[in-house]
K.L.:
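Sharing a structure here in structure tokens format.
Sequence lines set the chain letters: A, B, ... in the order given, protein chains first and strands last, and positions in each chain run from 1.
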Amino acid sequence: MAYWLFKSEPECYSYADLERDGSTGWNGVRNFQARNFLRDSVRVGDGVLYYHSNAAPPAVAGIAEVVEAGHPDPTAFDPESEEYDPKSKPDAPTWFQVTIKPVRPVDPPLSLAMLREVASLAGMELLRKGSRLSVQPVTDAEWKAVLDLAGIKPAKKSRKG
DNA sequence: GCCAACGTTGGC
DNA sequence: GCCAACGTTGGC
């Protein structure tokens with residue numbers, strides 16, 4: 001079980017949009033490092049911090065969960081899509097997506113400014129100067145700290161009976 | 001709107 | 001393989 005942070009501009013696709021849709025393919029990622037995470041590392045059941053970039057304020061707006069691991073991003077094959085990439089072929093896809101579902105909103109959202117004030121998050125990729133990675137790993141400690149700030153109790157581990 | 005930081009492209 | 005030019009990201 002691993003944790004991730006996914007960025008989305010709320011004008012484009014917000015956490016509320018995810019709740020409305022029930023689940024979504026995280027498509028349109030066109031960065032190789034992020035692609036590698038989606039293709040190789042993100043697993044079913046992983047936790048996702050849903051981050052609103054280019055927002056006022058930029059903030060973690062929700063918690064999501066991975067329901068399908070990496071598979072080809074269909075928008076890359078679609079000439080009608082803005083994300084179309086003719087170099088990506090169905091038999092040799094370049095771009096991948098995972099499918100996520102909403103778990104619960106973070107309300108009020110945890111703003112970037114608030115996260116910067118938390119000592120235990122000082123090493124977080126999101127807070128690194130110049131960080132632009134749209135799919136990034138989150139450590140166990142960072143995940144716990146963020147959920148704690150959001151007032152969310154960690155999910156009970158099923159106890160061996 | 002500004003601009004720093006970054007990733008990609010392409011000439012050589 | 002280098003690196004300048006360019007386009008994009010994303011906070012402010």
K.L.:
Please state how far atom CG in A:L126 lies from atom P in C:dT9, giving the value in whole angstrom units.
P.N.:
16 Å

K.L.:
Would you name the heavy atoms of A:V48 and A:F6 that are closest together and state the gap between them?
P.N.:
CG1-CG, 3.6 Å

K.L.:
Provide, to the nearest angstrom, the distance between the NZ atom belonging to A:K87 and the C1' atom belonging to B:dT8.
P.N.:
10 Å

K.L.:
Check the pair A:R104, A:I152 against side chain to side chain contact (heavy atoms under 4.5 Å, CB included), reporting the backbone distance first and the verdict last.
P.N.:
CA-CA 9 Å; A:R104 57 166 295 174; A:I152 300 172; 3.6 Å; yes

K.L.:
Check the phosphate of C:dG11 against A:Y51, side-chain N and O only, distance under 4.0 Å to OP1 or OP2. Yes or no?
P.N.:
yes

K.L.:
Just to be sure I understand the rule, does A:R128 reach a base, reach only the sugar-phosphate, or reach nothing, if contact means heavy atoms closer than 4.0 Å?
P.N.:
sugar-phosphate

K.L.:
Rounded to whole angstroms, how far apart are CH2 on A:W95 and P on B:dG7?
P.N.:
13 Å

K.L.:
Less than 4.0 angstrom between a side-chain N/O of A:K7 and OP1 or OP2 of C:dT9, yes or no?
P.N.:
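Negative; the distance criterion is not met.
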
K.L.:
C:dT9 C1' sits how many Å from A:N54 CG, rounded?
P.N.:
7 Å

K.L.:
Starting from A:F32 and following side-chain heavy-atom contacts under 4.5 Å between hydrophobic residues (I, L, V, M, F, W, Y), which residues can be reached?
P.N.:
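Same cluster as A:F32: A:W95.
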
K.L.:
Tell me which nucleotide among B:dT8, B:dG7, C:dC12 gets nearest to the side chain of A:F32.
P.N.:
B:dT8

K.L.:
Could you state the atom-to-atom distance from CG of A:L127 to C1' of C:dT9 in whole Å?
P.N.:
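So the CG-C1' distance, A:L127 to C:dT9, works out to 16 Å.
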
K.L.:
To the nearest angstrom, how far is A:K129 atom NZ from C:dG10 atom C1'?
P.N.:
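Rounded to the whole Å, the gap is 14 Å.
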
K.L.:
Using the rule given for side chain to side chain contact (heavy atoms under 4.5 Å, CB included), can you reason through A:E9 versus A:H52, listing the C-alpha separation, both sets of side-chain angles and the distance that settles it, and then say yes or no?
P.N.:
CA-CA 5 Å; A:E9 302 190 11; A:H52 283 172; over 6 Å; no

K.L.:
May I have the distance from A:L133 (atom CG) to B:dG7 (atom P), rounded to whole angstrom?
P.N.:
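A:L133 atom CG is separated from B:dG7 atom P by 8 Å.
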
